[in-house]
Every structure is written in structure tokens, then in C-alpha cells.
Protein chains: 2
Amino acid sequence: MGTRRRGEELEQAILRAAAEVMRESGYAGMTMDRVAARAGTNKNAIYRRWPHRAALGIAAYRHLSDAALPSPDTGTLRGDALEMLRRANETWSSPHGAILRGLLAAAADDPELLTLMRARSGADAMDLAWIAMLERAVARGEAPAAAVRPRVATTPMMLLRAEYAMRGIPSVPDEVLVDIVDEVFLPLVRGRG
Amino acid sequence: MGTRRRGEELEQAILRAAAEVMRESGYAGMTMDRVAARAGTNKNAIYRRWPHRAALGIAAYRHLSDAALPSPDTGTLRGDALEMLRRANETWSSPHGAILRGLLAAAADDPELLTLMRARSGADAMDLAWIAMLERAVARGEAPAAAVRPRVATTPMMLLRAEYAMRGIPSVPDEVLVDIVDEVFLPLVRGRG
DNA sequence: CTCTCCAAGGTACGTTGCGTACCCTACAAG
DNA sequence: CTTGTAGGGTACGCAACGTACCTTGGAGAG
């Protein structure tokens with residue numbers, strides 16, 4: 001027989017299996033027995049590594065989320081902002097996003113898990129991208145330097161997230177994205193001049 | 001013995017029991033057996049009325065949520081806005097709010113339940129209060145008429161909600177509320193002039 | 001080369017909680 | 001008085017989580 005897997009190798013196999021199961025049936029359908037079976041091992045091996053299902057789910061999520069997209073550079077602040085929102089909207093409304101929402105719901109009342117999620121889902125990197133975007137706009141003379149503030153930079157994504165929480169969810173219509181940019185973000189940036 | 005309860009009377013008893021249990025142990029602790037026991041009946045009577053636990057939870061939630069507070073009127077737009085946010089923050093971070101979050105998490109992937117929640121939790125009434133607030137500010141000459149736009153009015157509450165989703169939750173620090181008002185809401189309103 | 005120890009495998013179990021099935025009983029209406 | 005319907009009691013099936021315990025492979029020390 002193939003030699004018995006150990007340590008790192010086994011760990012990767014479990015994570016891969018968990019990711020596959022989540023892709024097929026979402027986080028809700030990711031049962032420990034199923035993951036164990038799929039990975040060709042048993043629950044012991046899993047529980048020796050992660051304390052509970054949620055932790056495994058979060059750990060496995062990174063196997064789905066791939067490299068961060070490069071920051072868009074359309075030449076205008078409006079174009080960049082819209083592009084960022086559109087990409088985020090696409091990601092969140094994909095099957096991929098459904099999994100993330102499932103995880104989020106499961107972690108919703110456990111702050112410890114929530115911070116884990118934050119780290120894995122690249123929310124912080126996202127904020128930095130918005131700051132960078134604003135700085136480019138300032139360099140082009142398109143926005144006042146005073147507009148480069150964290151609260152301003154994070155507002156559009158925050159609004160998009162809240163929009164998800166309110167609606168049934170799947171996908172936010174494009175008009176809303178345009179609205180967020182034209183009615184909130186740009187006035188906010190320009191108002192600082 | 002007291003005569004056997006039926007129809008409306010029994011239904012109310014069940015809802016009251018469910019609300020009590022939720023108050024004590026949150027939505028997660030609201031098991032069907034417990035509710036039945038507390039109501040002095042059995043699960044049959046419950047399942048004859050609600051298809052599943054979530055539906056009962058949502059139905060019982062109205063027994064906790066009481067009348068809407070009156071809109072604040074501090075004399076300044078800034079004061080009103082801050083007061084609204086502070087009240088919302090208090091409500092959401094109370095035990096009461098914990099229950100609501102639990103319900104929300106449970107309903108998160110069922111659009112049908114989500115709309116039910118929206119109706120019960122009075123989110124729409126909230127938006128109207130913000131519009132009214134803006135109109136008073138316009139009447140006082142404190143804000144340009146062009147600032148009375150739905151997207152502007154809903155932005156602070158949206159930001160607060162997103163803040164909850166991001167953090168572990170319980171309570172958003174007051175500085176954040178001040179920030180939302182001073183860094184986003186007021187500039188947005190004034191920028192319209 | 002052998003021994004030893006730990007991680008992995010196998011399997012079964014205890015527990016909780018949802019939702020269902022049945023059958024018995026009170027009570028209201030005809 | 002009869003009868004149908006809603007309540008009550010109870011037990012069950014089932015899915016999943018998390019745990020216990022024992023057996024076995026195989027890597028590394030001596």
C-alpha cells in the first residue's frame with residue numbers, strides 16, 4: 001500500500017478535502033465525517049489539529065481563496081472605485097462567497113473566530129488597496145490630500161457589506177454600486193477640498 | 001384541573017415561553033423541547049404551528065421588541081445623528097441585540113426568513129426617522145435641501161451595521177460613532193451645499 | 001538491525017437536538 | 001350522545017459533533 005501519510009502531508013490532504021466538500025455543499029454541508037472520508041482518514045486526525053468544525057472550515061477556506069487581484073488602475077478615481085466594488089461584488093456573490101457567508105454566520109458570535117476570519121479573508125489587505133487608490137488620485141491632482149483618511153477609504157466596502165447583510169444577499173445590483181460611488185464616496189472625497 | 005388550552009390561548013403561551021427562553025439563553029439555547037416544557041405543552045403543538053425552529057424564533061422575537069423610541073430632537077443635526085447612533089448601539093449591544101444577531105445568523109442563508117426578520121425588526125422605520133431628521137435640519141437652515149437623499153440618510157446606520165459584522169461585536173466604541181458622524185455623515189451633508 | 005514511541009487508523013460510543021409517528025384523551029359542535 | 005379535531009404523552013429515527021480506546025505503521029535512536 002502507499003505509505004501512511006503523516007504530518008504536513010496529511011494536514012494538506014485534510015484541508016484539500018475540506019475545501020472540496022465546501023465547494024460542493026457549502027459550509028453547512030461540510031461534516032467532519034465527510035471530510036475524514038474524503039481525505040481517506042478519520043476524525044481523530046482532524047481533531048488532533050483543529051479544535052472544532054468552525055476552525056477547520058476557516059482554515060480550509062484559504063484553499064479556495066486564491067491570490068489577491070492586483071489593484072485596478074483605470075486612470076480615474078471613479079473608475080478605480082467602481083472596479084473595486086464590482087470585483088468585490090462578484091466575489092461575494094459567487095458560490096465562493098456563499099461559503100464565506102456561511103463561515104461568517106457560524107463565527108458570528110465568537111470573536112476569536114471572527115478575527116481568524118478577518119485575517120484569512122484579506123479584509124485588511126482590501127483596506128490598504130483603497131488607501132493606495134486614494135493616494136494615486138491625490139498624485140494625479142484628482143483629490144485633495146486631506147481625503148486620504150482611513151474612514152473615508154473604508155466606507156464604500158463597509159456600505160457594500162451592510163448591503164449584503166440587509167438583502168437576501170446573492171448579488172447587489174450594479175446601480176447600488178454606482179450609487180455608493182457617486183452619492184457617497186466621491187462627494188466625501190471632494191468635500192475635503 | 002384548569003381546562004385544556006386551545007388555539008389562540010395556547011399559541012400565545014408558546015410564544016411567551018419561547019421569548020422567555022430566548023431572553024435567558026439566547027436563540028442558540030432555545031431548543032424545542034425546552035420551549036415545549038416551559039409552555040407546559042409538547043412539541044406537537046409547536047410543529048403544528050411553525051415549520052421549524054427558526055420560524056418560531058422569529059415569531060417569538062416580537063414579544064421582546066417593544067414600541068419604537070421617538071425620534072430624538074436635540075436642536076442640531078450633529079446631536080440628533082449621534083443620539084440615533086448611540087441608541088442603536090445600545091439596543092444592538094444589549095442581550096436583546098444578541099438574540100437578534102443569533103436570529104440573523106440563523107436566517108442568513110434563507111432569503112425568505114430574512115424578509116420576515118426585516119419586517120419584524122423595524123429597519124424600515126429607522127430609515128424614515130433619519131429622513132425626518134434631515135428634513136428638520138434643512139428647515140433650520142442647517143443643511144442644503146439637496147442633502148435629503150435616501151442614500152445619505154441610510155449611510156450612518158449602514159456603517160454601524162457593517163462595524164458590527166466586522167468586529168467581534170458586542171458594543172461599538174463611542175469614538176467610532178463620533179467618527180461616523182464627523183468624518184462621513186456631516187461632510188456628506190454639507191458637501192451638498 | 002532492532003527497539004521504541006508517537007502519530008495515524010479503525011471503530012464504537014455518548015450526547016444533543018431536530019423533526020416525526022402513534023396513540024390516547026378532552027372538549028366543542030352538531 | 002356521537003364524533004371529529006386539536007392537545008398531550010412518549011418514543012423514536014437520524015444526523016453530527018466530539019471523545020475514548022485500542023491497534024498498527026514507520027521513523028528515528030541506539
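Between the NE2 atom of H52(B) and the P atom of dA15(D) there is a distance of 20 Å, rounded to whole Å. As a whole-Å value, the separation of I46(B) CD1 from dG17(C) C1' is 13 Å. What separates CH2 of W50(B) from P of dC18(C) is a distance of 15 Å, to the nearest Å. In this structure, E9(B) atom CD and dG7(D) atom C1' are separated by 12 Å, rounded to whole Å. One atom, CE of M30(B), and another, P of dT16(C), lie 18 Å apart when rounded to the nearest Å. Rounded to whole Å, atom P of dA8(C) lies 17 Å from atom OH of Y47(A). Here the P atom of nucleotide dC12(D) and the CG atom of D33(B) are 15 Å apart, to the nearest Å. At whole-Å resolution of the value, CE in M32(B) and C1' in dC14(D) are 17 Å apart.
With the nearest nucleotide of DNA chain C identified for both R53(B) and N44(B), R53(B) has the one nearer the 5' end. Positionally, the nearest nucleotide of DNA chain D for E8(B) lies more toward the 5' end than for the other of E8(B) and K43(B).
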Requested in this report: Step by step, work out the salt bridge (charged side-chain N to carboxylate O under 4.0 Å, His left out) result for R86(A) and E90(A).
Outcome: CA-CA 6 Å; R86(A) 286 191 174 130; E90(A) 250 170 75; over 6 Å; no
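Note that R53(B) lies in the cation-pi zone of Y27(B), set by a 6.0 Å cut-off to the ring centre and a 45° limit from the axis.
The base of dG9(D) sits within donor-acceptor range of the side chain of N42(B), with an N or O pair under 3.5 Å.
Considering only heavy atoms from C-beta on, V172(B) comes within 4.5 Å of Y164(B) through its side chain. Counting heavy atoms from C-beta on, the side chains of Y61(B) and L100(B) come closer than 4.5 Å.
Checking the phosphate oxygens (OP1, OP2) of dG8(D), a side-chain nitrogen or oxygen of T41(B) falls inside 4.0 Å.
In terms of hydrophobic clustering, with Ile, Leu, Val, Met, Phe, Trp and Tyr side chains grouped at heavy-atom distances under 4.5 Å, M84(B) and L128(B) are assigned to different clusters.
In summary, R16(B) and E9(B) do not engage in a salt bridge, as defined by a charged side-chain N under 4.0 Å from a carboxylate O.
Within the 3.5 Å criterion, the main-chain N or O of V181(A) finds no donor-acceptor partner in the side chain of R78(A).
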Report each atom pair, protein N/O against N/O of nucleotides 3-6 of chain D, whose distance is under 3.5 angstrom.
{"unit_1": "dA6(D)", "atom_1": "O4'", "unit_2": "R6(B)", "atom_2": "NH1", "d": "3.2"}

